Enquirer: 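Structure provided below as C-alpha cells; questions to follow.
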Protein chains: 2
Amino acid sequence: MLKYLEIADKMEAWIIEKDLSQGEKLPKLAELMELYGVSKSTIVKALERLENRGLIYQVQGSGVFVRRPKRADYVNLIDNNGFTADLPTHKMASKVLTLRKIKPPKKVQAVFGSEQTEVYEIRRLRYIDADVLCLEESYFRTDIIMYLNEQIAQGSIFNYVRELGIAIGFSDKYLTVKKLDQKTADLLGVKTGDPALTINEIYYLTSGEPFDYSTTTYHYENSKFFIQSNA
Amino acid sequence: MLKYLEIADKMEAWIIEKDLSQGEKLPKLAELMELYGVSKSTIVKALERLENRGLIYQVQGSGVFVRRPKRADYVNLIDNNGFTADLPTHKMASKVLTLRKIKPPKKVQAVFGSEQTEVYEIRRLRYIDADVLCLEESYFRTDIIMYLNEQIAQGSIFNYVRELGIAIGFSDKYLTVKKLDQKTADLLGVKTGDPALTINEIYYLTSGEPFDYSTTTYHYENSKFFIQSNA
DNA sequence: GAGTGGTCTAGACCACTCA
DNA sequence: GAGTGGTCTAGACCACTCG
C-alpha cells in the first residue's frame with residue numbers, strides 16, 4: 001500500500017476515534033513526519049487527500065485543522081462510498097424490481113457508444129430503515145461487468161465491482177427537480193405531482209471508459225444531500 | 001503568481017481554445033516540463049489541480065486526457081465561480097428585494113457564533129435571461145464584509161468580496177427538496193406546492209471562519225445542476 | 001521575528017499500459 | 001520491454017500567521 005494513502009487513512013481513523021470537532025488542531029508537519037517516519041512531501045500529500053475529502057483544512061503559517069460539519073443523515077454527493085458509509089446509523093436495504101440483459105436503450109447507447117450491444121438493466125427500490133429512499137434504474141456494460149444476479153443487486157453493486165478488481169475512476173452527475181409521474185410516485189409511495197430530485201450519473205473506469213449509467217429518483221421527504229467544496 | 005497555478009490556467013485556456021473534447025490526449029509530462037521550463041513536480045501539481053477541477057483525468061502508464069462532458073446550461077455545484085462562469089451564454093441579472101443591517105436570526109447565530117451581533121441580510125431574485133432562476137437569502141458578517149450596498153448586490157457579491165482581498169476558503173452545502181409555500185412560489189412565479197430545490201450554504205474564509213450563510217431556492221424548471229466527482 | 005505551512009527542484013525508483 | 005505516469009526523498013527557499 002502507498003505510504004501517503006496509508007498515512008491519510010490512519011489520520012482519518014484517528015480523527016474519528018478521538019472524535020475531534022471542527023477547528024481542532026492537528027500536530028504540526030514536523031511532528032507528523034517523525035511520527036510516521038516519512039519525508040515532508042509525503043505528509044503534505046496525505047494532508048492534501050484529507051483536504052480533498054473534506055476532513056481538514058490547512059491554514060498557511062498557522063496549522064492544520066479538523067473540518068467536520070455537524071449535520072448527520074445527509075447523503076454525500078462527492079464521495080462515492082454508497083449509502084452505507086453516509087448513513088452509518090441506519091439500516092439500508094434494496095429490493096430488486098427487475099434485472100435483465102438487454103440491448104441498450106438509445107439514451108444509454110449515446111453514452112456507452114453504438115458498438116455496445118448488450119447491457120445489464122437493474123431497477124431497484126432502496127430503503128432507509130423502513131422508508132423508501134429512492135428508485136434507481138441503472139445500466140452496466142456486460143463486457144466489463146460480466147456477471148450479475150439478484151442477490152448481488154440486493155447489496156452494494158459498487159462493492160461487488162471493486163471486489164472484481166475493477167477500478168472506478170470518476171463520475172459525472174446531473175441533478176434536476178421535477179414533479180413525479182404516477183408510476184414513479186406509486187413506487188416511492190408518494191402522490192402523483194409530488195416533487196422529486198433526479199440524479200443522472202455516469203461512472204467511468206480509471207481508464208476513462210464509461211461503464212455505468214444510472215438514473216435515481218429520490219423520495220423528497222426521506223432524502224437530504226450535502227457537498228463539501230474547496231473552491 | 002505561483003508557477004503551478006499559472007501553468008494550470010494556461011493549460012485550461014489551451015484546452016478551451018483548442019476546443020478539445022473528452023478523451024483527447026495532452027502532451028506527455030516530459031514535453032510539458034520543457035514547454036513550461038519547470039520541474040516534473042510542478043507539472044504534476046498543475047495537472048492535479050486540473051484533475052480536481054474536473055477538466056482532465058490521468059491514466060498511469062498511458063497519458064493525460066481531457067474530461068469535458070457535453071451538457072451545457074448546468075450550474076456547477078463544486079466550483080464557486082458564480083453563475084456567470086457556469087452559464088456563459090446567458091445573461092445573468094439580480095434584483096435586490098431587501099438589503100439591511102440586522103441582528104442575526106437564531107439559525108444564523110448558530111453558525112456565526114453568539115458573539116456575532118450584526119449581519120447584512122440580503123434577499124434577491126436572480127434571473128437567467130428573462131427567467132427567474134432562484135430566490136436567495138444570504139447573511140454576511142459585518143465585521144468581515146464592512147460595507148455593502150444595493151448596487152454591489154445587483155452584481156456578484158463574491159467578486160466584490162474577492163476584490164476586497166478577502167480569501168474564500170471552502171464551503172458546506174446542504175440540499176433538500178420541498179413543496180413551495182405561497183410566498184416563495186409567488187416570488188419565483190410558480191404555483192404553491194410546486195417543487196423546488198433548496199440549497200443551504202455556509203462559506204468559510206481560508207482561516208476556517210464562517211462569513212456567509214445563505215439559503216437559495218431554485219425554480220425547478222429553469223435550473224439544472226452538475227457535479228464532477230473523482231472518487 | 002519565530003514558527004509553520006507551501007512551493008519548487010533534481011533525481012531515484014516504482015507501477016501501469018500497450019504494442 | 002519501451003514508454004509514461006506516480007511516489008518518495010532531502011533540501012532550499014518562499015509566504016503567511018501570530019505573539
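Each chain gets a letter, A, B and so on, in the order its sequence line appears, and its residues count up from 1. Given the structure is predicted, the values throughout are model-derived calculations rather than measurements.
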Enquirer: Can you list the residues that meet the ring-ring contact (aromatic ring centres under 6.0 Å, His included) rule with A/Y218, with sequence neighbours excluded?
Expert: A/F225
Enquirer: Under 3.5 Å, is there a donor on one side chain and an acceptor on the other for B/Q22 and B/R67?
Expert: no
Enquirer: Does one side chain, of A/R53 or A/N76, offer a donor that lies under 3.5 Å from an acceptor on the other?
Expert: no
Enquirer: Compile the donor-acceptor pairs under 3.5 Å between side chains in residues 153-163 of chain A and protein atoms, sequence neighbours left out, one pair per line.
Expert:
from	atom 1	to	atom 2	distance (Å)
A/S156	OG	A/N159	N	3.0
A/Y160	OH	A/Y147	O	2.6

Enquirer: If the condition is ring-ring contact (aromatic ring centres under 6.0 Å, His included), which residues does A/Y174 pass it with, not counting sequence neighbours?
Expert: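 B/Y74.
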Enquirer: Near DNA chain D, which residues from residues 43-50 of chain A have a heavy atom under 4.0 Å away?
Expert: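 By residue number: A/K45.
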Enquirer: Salt bridge or not for A/E136 and A/R126, using N-O below 4.0 Å?
Expert: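 Between A/R126 and A/E136 there is a salt bridge, with a charged N closer than 4.0 Å to a carboxylate O.
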Enquirer: Touch check for A/S41, heavy atoms < 4.0 angstrom, all strands: base, sugar-phosphate only, or nothing?
Expert: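 The answer is base, as A/S41 lies within the cut-off (heavy atoms under 4.0 Å) of a base atom.
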Enquirer: Fill in the dot-bracket string of DNA chain C, one character per base: . for unpaired, | for a pair to another strand, ( ) or [ ] for pairs within the strand, taking Watson-Crick or G-U pairs under 3.5 Å.
Expert: ||||||||||||||||||.
Enquirer: Would you mind telling me which residue lines up with the more 5' stretch of DNA chain C, A/Q58 or A/L2, judged by nearest nucleotide?
Expert: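 Nearer the 5' end of the strand: A/Q58.
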Enquirer: Looking at side-chain heavy atoms only, is the closest gap between B/Y203 and B/I168 below 4.5 Å?
Expert: yes
Enquirer: Students should find this one: the first and last nucleotides of DNA chain D, 5' to 3', lying under 4.0 Å from a heavy atom of chain A. What are they?
Expert: D/dT7 to D/dC18
Enquirer: Who pairs with A/E48 by side chain to side chain donor-acceptor pair (under 3.5 Å), at least two apart in sequence or on another chain?
Expert: none
Enquirer: Between A/R68 and B/D172, does any NZ, NE, NH1 or NH2 come within less than 4.0 Å of an OD or OE carboxylate oxygen?
Expert: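 A/R68 and B/D172: not salt-bridged.
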Enquirer: For nucleotides 17-19 of chain C, which of its nitrogen or oxygen atoms have a protein nitrogen or oxygen under 3.5 Å away, and what is each distance?
Expert:
from	atom 1	to	atom 2	distance (Å)
C/dT17	O4'	B/G61	O	3.4

Enquirer: Is any side-chain heavy atom of B/P105 closer than 4.5 Å to one of B/Y139?
Expert: yes
Enquirer: Taking only residues two or more places apart in sequence, or in another chain, which ones meet A/D9 in a side chain to side chain donor-acceptor pair (under 3.5 Å)?
Expert: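 A/D9: no side chain to side chain donor-acceptor pair (under 3.5 Å) contacts found.
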Enquirer: With sequence neighbours excluded, tell me which residues meet ring-ring contact (aromatic ring centres under 6.0 Å, His included) with B/F65.
Expert: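 With sequence neighbours excluded, B/F65 shows a ring-ring contact (aromatic ring centres under 6.0 Å, His included) to B/Y57, given in chain and number order.
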Enquirer: Please tell me if the side chains of A/I15 and A/E24 come closer than 4.5 Å, counting only heavy atoms from C-beta onward.
Expert: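 In short, these two side chains do not touch, never coming nearer than 4.5 Å.
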Enquirer: Going by heavy atoms closer than 4.0 Å, what residues in residues 22-38 of chain B are next to DNA chain D?
Expert: B/K28, B/L29
Enquirer: Just checking A/K107: does its NZ atom have more than 12 heavy atoms from other residues, nucleotides or ligands closer to it than 6.0 angstrom?
Expert: yes
Enquirer: For B/Y36, check ring-ring contact (aromatic ring centres under 6.0 Å, His included) against everything at least two apart and list the hits.
Expert: none
